[in-house]
Amino acid sequence: MIQSRPNAHLERIALSTSILDGLNEQQRIAVTAPDGPVLVLAGPGSGKTRVLAHRIAWLVRERGVPPWRIVAMTFTNKAAREMRQRVEKLLGNEIQGIRLGTFHAICARILRDQADHLPITRDYVIFDTPDQRALIRSVIADDLGLDEKRYPPERILAAISQAKNDLITPQDYQPTTYFEEIVKRAYQRYQERLLANNAVDFDDLLMHTALLFAQYPQVLRAYHRLIDHILVDEFQDTNGAQYALLKQLAEARRNLFCVGDEDQSIYRWRGADYRNLTRLRTDFPDLLTVLLEQNYRSTQIILDAAQAVINKNPYRTPKRLFTLRQGGPAIVIYEAYDEEREAQFVVDTIAALVAQGEVEPRECAVMYRTNAQSRALEDAFVRANLPYRLVGATHFYARREIKDIIAYLRLIHNPEDTVSLRRVINTPPRGIGEKTLEGLERWAQEQGLSLGAALMRLSEEGEKGVLEARSYRALAAFAHRLDEWRRVSAHFSVGTLLKMVLDETGYLDYLNDGTEQGEERVANVRELVNVTAGYEDVPLSAFLEEVALVSDVDGMDEAVNAPSLMTLHTAKGLEFDVVFLVGLEEGLLPHQRSFDDPEEMAEERRLMYVGMTRARRRLYLVYAFRRRAWGESAVTQRSRFIDDIPPSLLASGAGLTEGGYAAPRRIRAAQPPRWTAGDKPAPAPRRSFKTGQRVVHPQFGSGLVIEVRPSGNDEEIRVAFDRAGVKRLLGSYADLKLLEDG
DNA sequence: CTGATGGGCCTTTTT
DNA sequence: GGCCCATCAG
C-alpha cells in the first residue's frame with residue numbers, strides 16, 4: 001500500500017460497524033479515507049466496485065453527507081444499475097436523491113437544465129451512431145461536394161470524435177494534413193447541422209458540458225455548491241473530456257474518489273487516455289493512493305497465468321496480486337479443428353461440467369473478440385437444444401423499423417430534427433418522393449426556414465402555387481398529421497401516441513410484407529410498444545433521452561439459468577466460475593488492426609488479461625486450427641498470448657489429442673435442456689412460457705424456447721425454430737402453442 | 001415512385 | 001457469408 005498522506009483517520013474505523021463489515025484492511029482504508037482526492041488502484045476481483053459502493057454508504061451514514069450532494073459516475077448503464085443496487089442494500093431508501101449514472105446521462109441532464117446558456121433548447125435530441133453517419137454523409141456529399149469513397153464517413157467521424165474527446169472545437173482544430181483540412185471543414189459543417197437539428201451527438205454531451213463550465217464560471221459554481229463528493233468507477237477509461245469534467249466539478253471541494261485499474265484499460269479506441277492517471281497526480285498533488293492487491297475471485301493458478309500475460313506490457317504500476325484461493329484446476333488449452341468444432345467443444349464441456357454437478361449453467365461464460373464470432377457458438381447451442389444468453393450485441397434500437405418509429409416520436413417532439421424528418425417523410429411511402437422533397441427543400445431555403453418549419457408553413461398558409469398540386473397535397477396531408485400528433489402529444493402517454501402513429505400511418509401493414517423478415521420487424525415494433533408501457537407517466541422527452549442513452553433493452557436476465565455469450569469488452573466487471581476464451585488466434589486476439597501499433601497491441605494484451613481474470617475457478621483457452629472469415633477458410637496461428645503462460649499452470653496435454661485437433665467426444669445433450677433443471681422458480685407469475693419448452697408456431701413450425709424475459713406487461717420469448725432459425729416473439733401477439741414432449 | 005437484383009464492401013470493441 | 005447501396009425495370 002502506498003500512502004502519501006498520514007492516516008490518522010484509521011482510528012475512527014472502529015466506530016462504523018455494519019458498513020465496514022466484511023471489508024479487508026486496505027478496503028477499509030479506502031472506504032474511510034478522509035476528505036480530499038483519493039485514487040484506489042485495484043487489480044481485478046479486488047472489490048473495487050464494492051469499495052465505491054461502501055464509500056458512498058459510509059459518506060451518507062457515518063459522515064452525514066446528504067445523498068443528493070453525492071455524484072457517482074460510471075461508464076455503462078449496467079455498472080450504474082449494479083452500483084445503485086449495492087448502495088441500496090447498504091442504505092435502504094436513504095439512497096433517494098443520490099446522483100448516480102453514466103457520464104453521458106449525467107451530462108445530458110446538465111445540458112437540459114442549462115439549455116439557456118447553450119445554442120440548443122431543452123427539447124434537444126441525442127443523435128446515435130446511425131444518425132451521425134447519415135448526417136456526416138450529407139455534409140460530405142451535399143455540403144462539401146466530396147466523394148465519400150475518398151473521404152469515408154467513418155474516418156471523418158472518428159477524427160471529429162477524437163477532437164471532441166480532447167475538447168477541440170472546429171475553430172480550434174489545427175489541421176496538419178490535407179485530410180485533416182477536410183476534417184476541419186466537415187467538423188464545422190457537421191456541428192452547424194447538428195445545432196440546426198437541435199441535436200447533439202454522444203461526444204457533444206461531454207464536450208458541451210465541459211465547455212459550458214469553462215465558459216460560464218457562475219454555472220460551474222452553482223454545481224460546486226450542489227456537489228460535495230464525486231466518485232468515479234473505472235477511472236482508467238476516462239477520456240479527455242471526462243477528465244476535464246471531473247477536474248472542473250471537483251476543483252472546489254477536491255473530494256474526488258476514483259477507482260480504477262490501468263491494466264483493464266480497454267477503451268483507448270473511443271478516446272480513453274491512460275495519461276489521465278498522471279494528470280490526476282499532477283492536478284491533485286495531495287492524492288491519496290490506495291492499492292488493493294488481494295484478489296477474491298480467482299484461484300492462484302488463474303491469477304498467475306493472467307499475471308504472466310499482463311507482465312509483458314511495459315510502463316505499468318507493478319502490482320503484486322495474491323489470493324488465498326490456492327490450487328484449483330489447471331488451465332485448459334484446447335485446439336479445435338475449426339470454429340464449428342470450437343463451439344462444439346465449448347458446449348460439450350459445459351454440458352459435461354453441469355452434468356457432473358461441477359457448475360451451474362449461469363456460472364459459465366464464453367468470451368470472444370468480435371461480435372461476429374457469436375454465430376458459430378449460437379449455432380452449437382441451438383443444435384444441442386441448450387439455452388444460452390447473448391449479452392449486448394443485439395442493438396435493438398439500431399434496427400431499421402425501431403429507428404423509424406423513434407424518428408416519428410423525435411420529430412413530434414422536436415420539429416427541427418431534419419434527420420428524423422427525412423427518415424419518415426415518405427416511410428411508409430405516401431407519395432413524397434425525391435422530386436417533391438427537393439422542391440420542399442428549395443422552397444425552405446428561399447424562405448430561410450428549416451425543412452420542418454417549411455413543411456408546416458406550407459400547409460398552414462396555403463402556399464399552393466409553390467409546388468405541383470399532387471406533391472402539395474401529399475406534403476400538406478403529412479404536415480397535418482404531424483401537427484395533430486404534436487397537439488395531442490402532451491396529453492397522452494408515449495405508448496398511446498405511438499399506437500396512434502402506427503395506426504394512422506399504417507406502418508405495421510407496411511412492414512408486414514409476408515416475408516419472415518417482415519414478421520420479425522412487426523414483432524420488434526410490438527416489442528417497442530411494450531417497452532413504452534413502462535413509461536406511463538413519463539414525458540416524451542425523458543423517454544427519448546433514455547432510448548438514446550440506454551443502447552439496448554439490456555441487462556442479463558438473471559432468472560434464466562444458462563451460460564452467457566459476450567465480447568471481451570462487455571465482460572469487464574463480470575465474473576463467472578467457468579470461462580471460455582475462444583478464437584485465441586493471431587489476427588483475432590490480438591486483432592489484426594493492432595499489429596503495427598505497440599499501443600494497440602498492449603491494449604489487446606489487456607483485453608486478454610481482462611478475459612482471463614473473469615474466471616473464478618476454471619479457465620479454458622480455445623483456438624481453432626482453421627477458421628472461416630468472409631466465407632473463406634484459412635489456417636490460423638495460435639495467439640502469442642497463450643505462449644506467455646508458463647506451462648506449469650496448464651493441464652498436461654489438456655484436451656489435445658494425438659492429431660492436435662481431433663473432434664472432442666460428443667456428449668449427448670438431452671432434448672429438453674438439461675441445465676434448466678436448477679432454474680429458480682420464475683419470479684414473474686405472469687409468464688406462460690419457460691425456457692426449454694417445445695413450441696409450435698403457425699408460420700415457423702416447431703422450435704425450442706431458449707429465452708424468456710418479462711417486458712412491460714408482456715414477455716419476450718426467443719425461440720430457436722428447427723427450420724426457421726432463432727426468432728424473437730412477443731407472448732401476447734405470437735400464436736405460440738405448447739408442444740407435448742415426445 | 002417503388003421494388004427487385006446484383007455488386008461491393010466489410011468486421012473491432014460502446015455511450 | 002451478410003448487409004448496404006446503387007442501379008434498373010415496371
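Predicted model only: the values in this text are computed from it and were never measured. Note on naming: letters A, B, ... go to the chains in the order of the sequence lines (proteins, then strands), and numbering restarts at 1 for each one.
Contact between the side-chain N/O atoms of A/Asn371 and the OP1/OP2 oxygens of B/dT13 is found at a separation under 4.0 Å. Using a 4.0 Å cut-off, some side-chain N or O of A/Asn426 falls inside it from OP1 or OP2 of B/dT2. Considering only side-chain N and O atoms, A/Arg593 lies nowhere under 4.0 angstrom from the phosphate OP1 or OP2 of B/dT13.
Listed by residue number, A/Glu600 are the residues of residues 594-615 of chain A with a heavy-atom contact under 4.0 Å to DNA chain B.
The nucleotide whose nearest atom lies closest to any side-chain atom of A/Pro429 is, among B/dT15, B/dT14, B/dT2, B/dT2. Ranking B/dC1, B/dT11, C/dC5 by closeness to the A/Thr436 side chain, first place goes to B/dC1. Nearest to the side chain of A/Thr76, among C/dG2, B/dT15, B/dT2, sits B/dT15. The nucleotide whose nearest atom lies closest to any side-chain atom of A/Thr102 is, among B/dT14, C/dC4, B/dT15, B/dT15. Considering only the side chain of A/Tyr267, B/dT14 comes nearest among B/dT11, B/dT14, C/dC5. Of the candidates B/dT15, B/dT14, B/dT11, B/dT14 carries the atom nearest the A/Thr570 side chain, counting heavy atoms from C-beta on. The A/Thr567 side chain lies nearest to B/dT13 when the options are C/dG2, C/dA6, B/dT13.
Checked against ring-ring contact (aromatic ring centres under 6.0 Å, His included), A/Phe127 has no partners two or more places apart in sequence or in another chain. The salt bridge (charged side-chain N to carboxylate O under 4.0 Å, His left out) check on A/Arg481 picks up A/Glu504, with sequence neighbours excluded. By the side-chain hydrogen bond (donor to acceptor under 3.5 Å, both in side chains) test, A/Tyr243 pairs with A/Asp283, sequence neighbours left out. Remark: A/Asp404 pairs with A/Arg423, A/Tyr507 by the side-chain hydrogen bond (donor to acceptor under 3.5 Å, both in side chains) rule, at least two apart or across chains. Listed by chain and number, the residues in a salt bridge (charged side-chain N to carboxylate O under 4.0 Å, His left out) with A/Arg627 are A/Glu342, A/Glu585 (sequence neighbours excluded).
Rounding to whole angstrom units, CG of residue A/Asp379 and C1' of C/dG1 are separated by 12 Å. Across the protein-nucleic acid pair, A/Gln132 atom CD and B/dT14 atom C1' stand 12 Å apart, rounded to whole Å. For A/Arg81 and B/dT15, the CZ to C1' distance is 14 Å, given to the nearest whole Å. Here the C1' atom of nucleotide B/dC9 and the CZ atom of A/Arg155 are 16 Å apart, to the nearest Å. If you measure from atom CG of A/Leu568 to atom P of B/dT14, you get 10 Å, rounded to the nearest angstrom. When the P atom of B/dT15 is taken as reference, atom NZ of A/Lys572 falls 12 Å away, rounded to whole Å. In this structure, A/Arg133 places its CZ atom 18 Å from C1' of B/dT15, rounding to the nearest Å. At whole-Å resolution of the value, CG in A/Asn77 and C1' in B/dT14 are 11 Å apart.
Because its NZ or CZ atom is both nearer than 6.0 Å to the ring centre of A/Phe179 and within 45° of the ring axis, A/Arg155 counts as a cation-pi partner of that residue.
Ionic pairing of A/Arg628 and A/Glu340 is not present here: no N-O contact between side-chain nitrogen and carboxylate oxygen is shorter than 4.0 angstrom.
The structure places CZ of A/Arg122 at 12.0 Å from CG of A/Asn198, a figure rounded to the nearest 0.5 Å.
Here A/Phe75 lies in heavy-atom contact (under 4.0 Å) with sugar-phosphate atoms only. A/Ile432 comes within 4.0 angstrom of the backbone, heavy atoms only, and of no base.
We find that the ring of A/Trp269 and the base of B/dT13 stack, their centres lying under 5.5 angstrom apart and their planes tilted less than 30°.
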